[in-house]
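To start, the structure itself, in structure tokens.
When reading the values below, keep in mind they use all heavy atoms of this one structure, side chains included, and skip hydrogens, waters and symmetry mates. Because the structure is a prediction, the values reported are computed rather than measured. Each chain gets a letter, A, B and so on, in the order its sequence line appears, and its residues count up from 1.
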Amino acid sequence: MVTFVMPKLGADMTAGKLVAWCKHPGDAVARGEVIAVIETDKVNVDAESFVTGVLDRILVEAHDEWLPVGTPLAVIRVSGEAADAVEPAAATPVGPVAPTVSAVPPKATDAAERAMKSLRISPAARKRVLDLGMDPAHLTGTGPAGRITLEDVERAAAVAAPPVTAPADRQLRMREAIAAAMTRAKREIPHYYLATTIDMATALAWLDARNRERPITERLLPGALLIKATALALREVPELNGFWQDGRVQKSEAIHVGVAISLRGGGLVAPALHDADRQDLDELMRRLQDLTVRARALSLKSSEMTDPTVTITSLGERGVESVYGIIYPPQLALIGFGRIVERPWVVAGEVLARPVLTATLAGDHRATDGHRGALFLVALDRLLQEPDKL
Amino acid sequence: MTPGPPGEYRAVMTREEICAKVIAALANIAPELDPANLAPQAGLRDQLDLDSMDFLNFALGLHKAFGIDIPEADYRKLATLDGCVAYVAARIGG
């Protein structure tokens, strides 16, 4: 048995609302399948299961209330377990959990179970203690002869739950979430910044020729090229892709590129394009389009919220020539793209008007030095000069 | 992708009908849009804060609504509401 808890969908999430259950007790649940819809400060998220099994019990019905990250929501019987399996001996909370911060409540350990053997406690209360992962030592019994009842457990759990501030307005909450994540980034991450100007003439000419042959439904935006080139350049400098965790670099084999998408009315999200280095440009473009539409509709999947191993921001869309970003913790780097502008550019001794792009890298100096960061930007430039190979 | 419209459009689509469909396509991208506040000759990108993905999706919306393919070279003709209506009228009327 595992407990499905309120997932932590990004470094800036502290609480979520359970909007709806997509599965009911008795339903089979496959790994990656959507179990519930969770509202965060930013968007509605389809929360996916991390295990395959059967939804055994729902602990919290969907309702309009902020539940702290780690709140047990349901119990899943993992495939292979018998239907009458004993109650979770050591309920392991699972859920789409952000790679950094532990989203799990304190585990109900064997110790807790042993401790309860010496306590007068009702079976229902015992079960609840294990589900919630509480320390039974702190419970006071109000039942007959000081017996601990289910009500006692619920009361203690309500007190123990950290207070959650829930400003009514989503805009305000999103601002607070961004403020918390960015403050943490600036406090904890020693950023270094690098920039380079990339001649985009070849890439744009290739794109123009390619798009001219294609119907509108199959056209590429320059953004797709930039994402693919970034993902391939990260293969060459892998220590920029992953997380800073437990005081060291945790490189990620997979390259899941978070794309900063501004939301209409303010705020932003940076959901993942999974395995961006392994998609061809058409597939990447299709996914980028789908992701943008869903982000703007405030509907994303939990894996998209928790999986990015690096982030790209393209403020060039808003007209600025360069952007020096703040790393989204616990990631290791943020790549910024400015607007593609025509500038005088020297090619083979001649001054020509060329479309150029300023690409920047914000790197975590704990993880990498400027030297490695520079190699990344050089690789990015080189890859963009051969767009047909992207 | 067949350029050019089903013939029936020629007879039935008035300028107002085209305009309504263009605004509907815009509203899909920018739901907060208030048609009353949309200046017909001012740039849509600035008025509605559209990025390149928004604009592509808008063009796709026009493609679906009117059955016309829109070459990239024509995007600049879609810069304003008036421009869009004139462009669509020419394409489906032609």
Looking at B/D69 and A/R212, is there a salt bridge between them, counting it only when a charged N and a carboxylate O are closer than 4.0 Å? no
Rounded distance [0.5 Å steps], CD1 in A/I38 versus OG in A/S302: 8.5 Å
Got a sec: does the CG of A/D64 have more than 12 other heavy atoms crowding it under 6.0 Å? no
Members of residues 72-81 of chain B whose heavy atoms come closer than 4.5 Å to chain A: B/E72, B/Y75
Compute whether any side-chain donor of one residue and acceptor of the other, for A/N241 and A/T309, lie under 3.5 angstrom apart. yes
Residue A/L220 versus chain B: region with a heavy atom under 4.5 Å: backbone
Hey, is CZ on A/R278 packed in by over 12 heavy atoms from elsewhere, all under 6.0 Å? no
Are side-chain N/O atoms of A/E321 and A/T358 paired as donor and acceptor at under 3.5 Å? no
Passes side chain to side chain contact (heavy atoms under 4.5 Å, CB included), A/L390 versus A/L383? Steps please. CA-CA 7 Å; A/L390 287 174; A/L383 287 158; 4.3 Å; yes
For B/E32, I'd like to know if atom CD has over 12 heavy atoms of other residues, nucleotides or ligands within 6.0 Å. yes
Go through B/F58 and B/L48 one step at a time and tell me if the side chain to side chain contact (heavy atoms under 4.5 Å, CB included) criterion holds. CA-CA 12 Å; B/F58 168 57; B/L48 299 173; over 6 Å; no
Of the listed B/L50, B/D49, B/I70, B/N57, the one with the largest count of heavy-atom pairs under 4.5 Å with chain A is B/D49
Under 4.5 Å, heavy atom to heavy atom: which of residues 286-294 of chain A reach chain B? Give them by number, or say none. A/L288, A/Q289, A/T292, A/V293
Under a 3.5 Å threshold, yes or no: a donor from one side chain and an acceptor from the other, between A/Q279 and A/D275? no
